[in-house]
Amino acid sequence: MIREIKDGVLYFDGCNTVELAHKYGTPLYVISQTDITEKFTELKRDFLSKYENTRVAYACKAFCTKGMIKLCQREGMCIDVVSGGELYTAMEAGFPAEQIEFNGNNKLPSEIEMAVDYGIGRIIVDGLQELDIIESICREKGKTVKILYRITPGVKADTHDYIITGKKDSKFGIPLDEHILYPQVERAIKSPYVEFLGFHFHVGSQLFDNSPYLQAVDAVMEHVKAVKEKFGYGVREINLGGGFGVKYTDEERKPYSYFTDPMMKKIKAFCEDIDIPMPAVVIEPGRSIVAEAGLTLYEIGSIKDIPGVRKYVSVDGGMGDNIRPALYQSQYEGIVANKASLDRDDRVTVCGKCCESGDILIKDHMITSKAEAGDIFAIFSTGAYGYSMALNYNRNPIPAVVMVKEGKSEIMVRRQTYADMIAGDIIPKTLI
Ligand code: LLP
């Protein structure tokens, strides 16, 4: 068990969380290497070793640090980046460029140039003008690059509106309209600057039902068939995106195979039917690899009991280190880490320290009535889109990240200092 309670204290991957909080300070992101490695082991067992010619590209937007990229490399994973900044992080971590895929709905020419210079594995082309930019950069540099087209399969997934991406009305992907897609495919097949491999889709995020994925596979495979018929071209790669759901509160994470097995079966049957070799198949999980591997530790400060209304328990972080509750009304669970065995007999609202009424981390949550200032509060499942979406609102520094493994801890990202925050500030000469 990655999480356990011993002598009334919460332990995480063998580490006493209260000691971690005191050693490294709060707020503190804690990431369990054991939990992440277990996810990779599951992916290797149930996907990579089970099916030939498959790859996992960790969507590093979920949690992108040099250490995390290194762990992916050690585990034989590819990665998916969506910006020059993520790409730079990966290169600085020593990650091989040919195992990186580049997604994004508005890649800047400078980012594409950087990717081509590094010799990136694939660019997932997301719009109609992007090929122009790629071709002109490759022409100038005398290089070629492998591409896939990201298409919007036109399926609606059951999740928060902000993280649906596969429906037609989306800023992501190219709609599956023949008159839009096929001229682009033909052009890519004929282009001397790109090597066209196939199609990519991503239906949405935090999904627990495999049916939108299967509908998307159906939609894409129809176009694989059309590409074969029209251009005599057998698609060589299909990327099924990520989005596999995780447990924050009551949800139950489904194994990867629940999604991948039926999709692989469908793709295989389709390929046999139209007589093309099975393409390479890639998945891009982000959240499901790191979410449950993370927790955030805070110190409790002011406690405000408004009789008959609500009891607010404030912690020393908030929306700056976890924007998800404010942005998506995401639900979390937490516990007073140094009083972990006490009855949870008090309904409270755990809030942050930002000057913003919406800075609520957990609303109406049962915790011990013995909670007081100085206690350590732990919020679970914060490993994905916590640190990676952190911000400096109110000029609160971004917390440190510590990696834990079987009772040992090591710093992964040092805490931002006040000096770090103002490092880029310059007082205009006209003001001096
Ligand atoms: N591939 C593509 C093309 C994506 O756009 C995404 C996520 C992923 C893979 C990884 O999805 P995952 O396995 O992590 O669900 N900030 C939001 C999530 C935004 C996801 C955007 N794209 C959140 O905190 O819920």
Side-chain angles (χ1 to χ4, degrees), residues 36 39-40 42-43 47 55-64 68 72 77-83 86 100-107 122-127 130 148-153 157-167 170-174 199-210 212-213 216 220 238-249 251 253-256 258-260 281-294 296 319 321-332 361 379 381-391:
I36 295 176
K39 300 295 181 338
F40 285 143
E42 184 188 332
L43 283 163
F47 183 62
R55 298 198 311 275
V56 172
Y58 165 64
C60 76
K61 74 199 82 175
F63 176 62
C64 182
M68 182 61 202
C72 290
M77 301 292 146
C78 296
I79 58 167
D80 154 45
V81 301
V82 290
S83 68
E86 288 184 353
I100 305 180
E101 338 220 318
F102 191 9
N103 263 293
N105 71 303
N106 183 27
K107 299 177 196 77
R122 276 137 186 78
I123 296 183
I124 318 288
V125 177
D126 189 289
E130 197 176 315
L148 284 87
Y149 278 124
R150 175 168 177 175
I151 50 93
T152 35
D158 182 20
T159 188
H160 192 284
D161 252 9
Y162 288 6
I163 48 179
I164 290 181
T165 44
K167 61 180 182 159
S170 168
K171 74 165 185 166
F172 297 104
I174 304 167
F199 298 113
H200 168 290
F201 67 77
H202 172 73
V203 282
S205 210
Q206 182 63 350
L207 306 181
F208 293 90
D209 179 9
N210 61 16
Y213 288 91
V220 165
I238 296 182
N239 187 318
L240 312 171
F244 317 116
V246 302
K247 179 177 176 60
Y248 287 106
T249 56
E251 310 89 338
R253 183 185 158 255
K254 298 249 175 56
Y256 288 111
Y258 164 76
F259 297 96
T260 48
V281 179
V282 185
I283 56 170
E284 281 173 354
R287 184 193 318 264
S288 55
I289 291 172
V290 287
E292 295 169 9
T296 312
M319 63 192 293
D321 59 77
N322 187 358
I323 189 79
R324 301 191 71 258
L327 194 56
Y328 320 114
Q329 299 75 50
S330 306
Q331 313 275 315
Y332 286 88
L361 288 170
I379 297 192
S381 289
T382 57
Y385 305 109
Y387 171 74
S388 68
M389 293 179 86
L391 42 96

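Remember, it's a predicted structure, so these values are computed and weren't measured experimentally. No hydrogens, no waters, no symmetry mates; every other heavy atom, side chains included, goes into these values. First listed ligand is number 1; within each ligand, the first listed atom is number 1.
Among the atoms of Gly243, some N or O lies under 3.5 angstrom from an N or O of ligand 1.
Proximity of Ser288 to ligand 1 is not established, as no heavy-atom distance is less than 4.0 Å. At least one heavy atom of Pro285 sits closer than 4.0 Å to an atom of ligand 1.
For the residues Glu101, Arg287, His202, the heavy atom positioned nearest atom 11 (O) of ligand 1 is part of His202. Around atom 25 (O) of ligand 1, the closest heavy atom drawn from Glu284, Arg150, Lys61, Arg324 belongs to Arg324.
Ile79 has its side chain out of reach of Glu86: every pair of non-hydrogen atoms, C-beta onward, lies at least 4.5 Å apart.
Counting the atoms of ligand 1 from 1 in the order shown, those under 4.0 Å from a heavy atom of Met389 are 16 (N), 24 (O). Heavy-atom contacts of Ser205 reach the following atoms of ligand 1: 11 (O), 12 (P), 15 (O), 20 (C) (cutoff under 4.0 Å). The His200 neighbourhood of ligand 1 comprises atoms 3 (C), with distances under 4.0 Å to a heavy atom of that residue. Atoms of ligand 1 found under 4.0 Å from any heavy atom of Ala59 (numbered from 1 in listed order, with element): 8 (C), 9 (C), 10 (C). Within ligand 1, the atoms closer than 4.0 Å to a non-hydrogen atom of Gly286 are 12 (P), 13 (O), 14 (O), numbered from 1 in the order shown.
When each of Tyr58, Phe259, Tyr256 is checked for a side chain to side chain contact (heavy atoms under 4.5 Å, CB included) with Pro285, only Tyr256 meets the rule. Just one residue in the list Glu284, Arg122, Arg150 forms a side chain to side chain donor-acceptor pair (under 3.5 Å) with Asn239, and that residue is Glu284.
The main-chain N or O of Ala57 is never found under 3.5 Å from a side-chain atom of Asp80 such that the two would form a donor-acceptor pair.
Among all heavy-atom pairs drawn from Leu361 and Pro325, the shortest one is O-CG, 3.6 Å. Pairing each heavy atom of Gly104 with each of Asp126, the nearest pair is O-CB, 3.2 Å.
Aromatic pair Phe199/Tyr149: ring centres not closer than 6.0 Å.
For Tyr328, every heavy-atom contact with ligand 1 shorter than 4.0 Å involves the side chain, none the backbone.
Between Lys107 and Glu130, at least one side-chain N (NZ, or NE/NH1/NH2) sits under 4.0 Å from a carboxylate O, which counts as a salt bridge.
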